[in-house]
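Heads up: the structure comes next, in structure tokens.
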Amino acid sequence: MATVALPPRHYLNNGYGIASWLLTRDHKRIALLYLAGVTFFFFLGGAMAVVMRLELATPAGDLVTDETYNRLFTMHGVLMVFFFLIPAIPAVLGNFLVPIMIGAKDLAFPKLNLFSWYIYMIGGLFTVYSLVTGGVDTGWTFYAPFSTVSSTSNVISTALGIFITGFSSILTGLNFIVTIHRMRAPGMTWFRMPLFLWSTYATSLINVLGTPVIAITILLVAAERMFHFGFFDPRVGGDPVLFQHLFWFYSHPAVYIMVLPAMGVVSELVAAGCRKPVFGYPFVAFASLAIAVLGFLVWGHHMFVAGESVYSALIFSILSFLVAIPSAVKVFNWTATMYKGSVSWETPMLYAYGFIGLFTIGGLTGLFLAAVGLDVHVTDTYFVIAHFHYIMVGGTIMGYLGGLHYWWPKMSGRLYNEGLAKLSAGIIFVGFNLTFFPQFVLGYLGMPRRYHAYPPEFQVLNVLSSAGASILGVGYLIPMLYMLWSLRYGRLAGANPWGAVGLEWTISSPPPTENFAETPIVSWEPYEYAPRVESHVA
Amino acid sequence: MWAGTPLFPERASTMAWRVDALYFFLIAIAVFFSVLIASLIVFYAVRYHRQTPDAVGARIHGGLALEIGWTVGPLLLTMVIFVWGASVYFAMARPPDETLNIYVVGKQWMWKFQHLDGQREINELHVPVGRPVKLITTSEDVIHDFFVPAFRMKADVIPGRYVTLWFEPTKPGRYHLFCAEYCGTRHSGMIGEIVVMDANAYQAWLSGGASEGSLASAGAKLFADLACNTCHRPDAQGRGPVLEGLFGKTVTLTTGETVTVDEKYVRDSIRMPAAQVAAGFQPIMPVFPETLVSEEQLLELIEYIKSLNALPQVQSR
């Protein structure tokens, strides 16, 4: 390791001016632009969660007014879902890795890729504008007729922000699909692709097929507010429940947009962390596609108590159980991969352990919600909040941070402080569980979501949750600090600090702008580690 | 502080145990699989911890029997949960034949109750223990949700629709009522209490309230005041359909479709009369918007029309 040096020419020193970043077509630089964007929105959305948890430390609504509280949870949801969770892994890690992992020099449409980032930022600015000019109080779900008739907040500008940002998802999805179909290096067959690409591909399909529906839905809300068409207004024969169908037709698949890429990351982390092929590769790959397809057929499970007929509830219930199966298959395969592996305890693997454990709990509590007779009691309570935070935070953010720690040496050329990284992974795990586990109990007790004030018997559990949130907040701040620090002072990583296989580890860290001097010819299977070197340690 | 913290809500309805039984079954499944996965991860992480920097794992690519096993096993298990959950849901969706009916109107941000005998309550509902109660709910503005954790009962209260819920309280006491669908600024203030009383106390409460006559009689008065009776006459000589004995029947519309005369059809016929005109009649009925007939008055009219049926008060108390 002593001979490690930065390559003389790489994508980071290929131009230093602001224009070299803002006009770049290099997928790796665009990935870093997205990294800056999603990090900003993550901490903005996180700050709102902090204020909410402080408010909920006491039963009375005493820290902020109810109007403010409603705006906080709405913006927390909007920012986290549309501006962090959906773009985070595809736009940052996907952008950086998709071309490199298939041996290509860039995405199929580099200018479109840069354009997507601008769309994303413009959408984000619209949303921030709505926020600073008074905010929006509809909840991120925008349920009609509250959003269309009753609310007096900035619904239209927020809706436009989401509408605009949607095109960034669609175009990025399109870019990935074309790239994966058309630009794989010779020998890189579909079943030689890293599993991260399978899940990115499945995610892109959902993005392209689903996002237009939310765009239409959100436009209908804006149009209804401006012109009073009455699609969702029962007073003129419209149906407010129609809005929910349209909204969840996208927003349930969006859950898979958020978690599938994290599953792909975890497959990479587990393979490299065990130096072993992922157990049951084709099953894990097809599970991603199965989730993408079945994910479109379960939206009605958000509406079991919303006036849906008994029989549609039953159909959506059984389909929701079916979509749980491919997720379970993935969990079993990751766990089995560890058997007889060379199992690492390094930071990326710690996040993978965290992901598998927390995603398992998130998935299993999904069964509670799919069981329609039980869902009636727990839906719209903190049980649901806890469940989807186990999926979104315990799953997606764990996957994202794991991936960021795993590929950071590739992206920056440098190593972060491993001790601090392990410490903060531990803090995040503890803080996460303390924040969200009590919410399962609260939900079953009957505490409804989106409550600014609550009966006093719920206080102890809320205090635990708020305490956990403060720990979690610290856990998220530390990585930002040591990663920034590593950019300048970190030890040089070298091409392959983890001893991992995969095309990205065959090129220098940071990679050259064109990724590969010569197009690689792939003649090996995925995750092909050399035969085991027997150690003499008992 | 800790002593007052429950882990499970009170069980105060016939449905509570059925829901809790399924909940405990699912907790058992969740604990089993979580512990299984977590133990395997910890065990493998320790047992196969990388011993030398260059060590690689065994070249194992998969196993078909395992894949089939952990696909089919969970599939069968989830189908058991599905059937169980569905059976509980069926029981929730089907009220018994004999119920005590109460109308509920949600509005930002309060709950209004109308008893058939004419008592009205706000944010507090008195019911007797041991009798099935059916709530017929609607909203004046946005979507609300009627949630009583102790009864394991919840349903969205939707403007323009009549959603029904039912429960049979098993234990006298006061229980939380929450609005569980976000409805605007004071959503968390849209709360109340269900007061379950034993039979004697309930009778005392019923007779104590200053009643202005039954809901149906209020509807009858309104029916006359709005001059509905000039067209809807019992002798079939009016310009509108005879309403006596109509509720619950199926009628044919001018379009050839058929509809059942339920609460929603009556409501729609008053609010939007031109939308579903009964065959053989002209679309001449005037519109009665909220400014003329409030949601609560609509319920009085509905109850009056129900009372015109040949078998009076079949499904009321």
Side-chain angles (χ1 to χ4, degrees), chain A residues 66-67 139 143 145-146 150 234 237 240 274-277 279-280 283 305-307 310 314 317-318 321 324-325 328-329 331-332 335 338-344 353 356-357 360-361 364 367-368 371-374 376-377 380 441 445-446 448 450-453 457 460 529-530 532-533 535 537, chain B residues 1-2 4-5 7 9 19 22-23 26 30 33-34 37-38 40-41 44-45 48-52 54-58 61-62 67 70-71 74-75 78 81-82 85-86 88-89 92-93 141-143 145 149 152 154-156 158-161 163 178 180-188 272:
Chain A
D66 41 16
E67 288 190 338
Y143 270 21
F146 181 72
S150 183
C274 300
R275 298 222 179 114
K276 199 168 160 288
F279 195 89
F283 295 92
V305 300
V310 171
L314 293 184
S317 169
I318 200 167
F321 282 113
I325 304 300
V329 166
V331 167
F332 289 127
T335 310
M338 292 175 69
Y339 173 70
K340 291 196 173 176
S342 165
V343 181
S344 138
Y353 298 147
I356 298 171
T360 298
I361 295 175
L364 287 165
L367 300 180
F368 291 56
V372 53
L374 184 51
V376 167
H377 178 60
D380 284 325
V441 184
L445 280 172
R450 297 171 170 176
Y451 261 37
H452 169 237
E457 68 263 30
V460 171
Y529 285 88
R532 184 172 204 155
V533 179
S535 74
V537 182
Chain B
M1 194 178 183
W2 287 96
T5 298
L7 292 181
V19 174
L22 178 56
Y23 183 57
L26 275 158
F33 281 102
S34 306
I37 296 293
L40 282 175
I41 289 175
Y44 289 158
Y48 301 112
H49 183 210
R50 189 174 296 165
Q51 298 296 327
T52 59
D54 297 330
V56 299
H61 285 90
E67 300 288 350
W70 62 46
T71 305
L75 185 65
T78 55
I81 306 169
F82 165 71
V88 174
Y89 186 61
M92 289 172 167
D141 37 49
V142 301
I143 299 177
D145 186 292
R152 312 291 186 272
K154 181 187 289 137
D156 281 8
I158 303 170
R161 292 197 194 185
V163 175
F178 295 125
E181 184 62 65
Y182 175 68
C183 60
T185 308
R186 294 194 47 228
H187 168 54
S188 59
M272 294 174 282

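Residue numbers start from 1 in every chain, and the chains themselves are labelled A, B, ... in the order their sequence lines are given, proteins ahead of strands. Just so it is clear, the structure is predicted and the values come from calculations on it, not from any experiment.
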Checklist entry - Would you call the rings of A/Tyr339 and B/Tyr48 parallel, tilted or perpendicular, where under 30° means parallel and over 60° means perpendicular? => result perpendicular
Beyond-backbone contact of [X] with [Y], side-chain heavy atoms, under 4.5 angstrom:
X        : Y        : value
A/Val310 : B/Tyr89  : yes
A/Val343 : A/Tyr353 : yes
A/Tyr529 : A/Ser342 : no
B/Met92  : B/Val19  : yes
B/Asp141 : A/Ser150 : no
B/Arg152 : A/Val376 : no

Given that the side chain runs from C-beta out, which part of [X] has a heavy atom under 4.5 Å from chain A: side chain, backbone, both or neither?
X        : value
B/Arg161 : side chain
B/Ala38  : neither
B/Leu26  : both

For the candidates [options], which exhibits the highest count of non-hydrogen atom pairs separated by less than 4.5 Å from chain A?
options                              : answer
B/Trp70, B/Phe33, B/Tyr44            : B/Trp70
B/Val163, B/Asp145, B/Ile81          : B/Ile81
B/Val142, B/Ile158, B/Val88, B/Leu40 : B/Val142
B/Gly62, B/Gly85, B/Ala30, B/Ser188  : B/Ser188

Against chain B, work out which of [options] has the most heavy-atom pairs shorter than 4.5 Å and name it.
options                                : value
A/Val331, A/Ile318, A/Val441, A/Thr360 : A/Ile318
A/Arg275, A/His452, A/Lys276, A/Arg450 : A/Arg275
A/Leu374, A/Asp66, A/Leu445            : A/Leu445
A/Gly307, A/Gly357, A/Ala328           : A/Gly307
A/Gly139, A/Pro145, A/Cys274, A/Ala371 : A/Pro145

Next on the checklist: Under the criterion side chain to side chain contact (heavy atoms under 4.5 Å, CB included), I'd like the reasoning laid out for B/Ile37 against A/Phe332: C-alpha separation, chi angles, the key distance, then a yes or no.
Outcome noted: CA-CA 8 Å; B/Ile37 296 293; A/Phe332 289 127; 4.0 Å; yes
Heavy-atom cut-off 4.5 Å, strictly under: side chain, backbone, both or neither for [X] against chain B?
X        : value
A/Thr335 : both
A/Tyr143 : side chain
A/Ile325 : side chain

Item to check | Full working for side chain to side chain contact (heavy atoms under 4.5 Å, CB included) between B/Phe178 and B/Lys154 | outcome: CA-CA 9 Å; B/Phe178 295 125; B/Lys154 181 187 289 137; over 6 Å; no
Next on the checklist: Nearest 0.5 Å, please: how far is CD1 in A/Ile356 from CE in A/Met338?
Outcome noted: 7.0 Å
